[in-house]
Amino acid sequence: MRIIIEPDPEQAARRAARMVALRVRNGPALVLALPTGNTPLPMYAELVRQQRERGLDFSRVAVFGLDEYVGIAPDDPRSLRACLWRHFLAQVNVQPDRCQGLDGSARDLEGECAAYEARIVAAGGLDLVVLGIGVDGHIGFNEPGSSLGSRTRIKTLTAETARANAGGFADPAQVPRLALTIGVGTILDARRCLLLATGSAKAAIIQRAVEGPVSAQITASALQLHPDARVVLDEAAAARLERADYYRETEALQSALPGSD
Ligand code: GLP
């Protein structure tokens, strides 16, 4: 795990955006999985800026959404797919037919999940999964107790996660308690993972996910098993890390090596 600590949320977002942009430049046919939530919004804004001002080309990039609410149709403005389009995809030159999301309104939800896994495989597998983290340590919607080998499937959201996601809904009671999410195993199969977390509300769970034991109770901790996982934090989210000074030293020394990105 490579832990990168930036002074503030804006610089953390820019750092994460630089990592994504570099991968897009190096392999324009990149297969990306992308999150929703508030944390990645400044990262998306920076990627949009890079496309407009520096011609960062997304035309051959394939995008998979990480998760979706059950019972919400893809074209519903409350869907996570619509949210990703609004905040990012609609503003860059992605090809709509290369962007996929789970359909939470599918009649056969298990079939929908299996087909999504097959589409990821058909795309050549995920090159880069960008992740946020919930306060209970979930990645995607892989709530505590999710198997670390899980694939795309139906999950029940905790009451806490439903509350945290109430923003997109007129009435918090409307937040679906069921969701579809790519699995922890699906994420671990990606060639690279990048988790972005900012703000003091994430400090305690980041410490447990990064420095605690690998556990299905904190699915972000599974990233410790991944050979190429990067965690980009601001100072507030890094505040509880016990080895923060070591991570800073490591980053200063290793990022100066030739070819380091
Ligand atoms: C939701 C999403 C996650 C996201 C998390 C954190 O549960 N399914 O992908 O990482 O929220 O959201 P935020 O970044 O708003 O804290």
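Just follow the structure's listing: the first ligand is 1, and inside any ligand the first atom is 1. In this chain, residues are counted from 1 in sequence order. Excluded from the calculations below are hydrogen atoms, water molecules and symmetry mates; all remaining heavy atoms, backbone and side chain alike, are included.
Here is the list of ligand 1 atoms found below 4.0 Å of a heavy atom in Gly132: 10 (O). Ligand-side atoms of ligand 1 in range of Gly37: 12 (O), 14 (O), 15 (O), range being under 4.0 angstrom from any heavy atom.
Heavy atoms of other residues, nucleotides or ligands lying less than 6.0 angstrom from CZ of Arg208 number 12 at most. Shown here is Arg191, whose CZ atom has more than 12 heavy atoms of other residues, nucleotides or ligands within 6.0 Å. Around atom CD of Gln174, more than 12 heavy atoms belonging to other residues, nucleotides or ligands sit under 6.0 Å away.
Ranking protein heavy atoms by distance to atom 6 (C) of ligand 1, first place goes to Ile133 O, 3.5 Å. Nearest protein heavy-atom neighbour of atom 14 (O) of ligand 1: Thr39 OG1, 2.5 Å. Among protein heavy atoms, the minimum distance from atom 4 (C) of ligand 1 is reached at Thr36 O, 4.0 Å. Looking only at heavy atoms of the protein, atom 5 (C) of ligand 1 is closest to His138 NE2, 3.8 Å. The nearest heavy-atom contact from the protein to atom 16 (O) of ligand 1 is Lys202 NZ, 2.6 Å. Shortest contact from atom 8 (N) of ligand 1 to any protein heavy atom: Asp67 OD2, 2.8 Å.
A 4.5 Å side-chain heavy-atom check between Leu223 and Ile187 finds at least one atom pair inside the cut-off. Between Ile5 and Glu235, the closest side-chain pair of non-hydrogen atoms falls below 4.5 Å.
Closest approach of Ala201 to Val135, counting heavy atoms only: O-CG1, 3.8 Å.
Under 4.0 angstrom from ligand 1, the non-hydrogen atoms of Asn165 all belong to its side chain.
Take Phe88 and apply the ring pair (Phe, Tyr, Trp, His ring centres under 6.0 Å) test, not counting sequence neighbours, and it matches Tyr44, Phe58. Considering only residues two or more places apart in sequence or on other chains, Glu242 meets the side-chain contact (heavy atoms from CB on, under 4.5 Å) condition with Gln207, Glu211.
Annotation: Gly140 places an N or O atom under 3.5 Å from an N or O atom of ligand 1; distance criterion only. When only interatomic distances are considered, the shortest N/O to N/O separation between Asn38 and ligand 1 falls below 3.5 Å.
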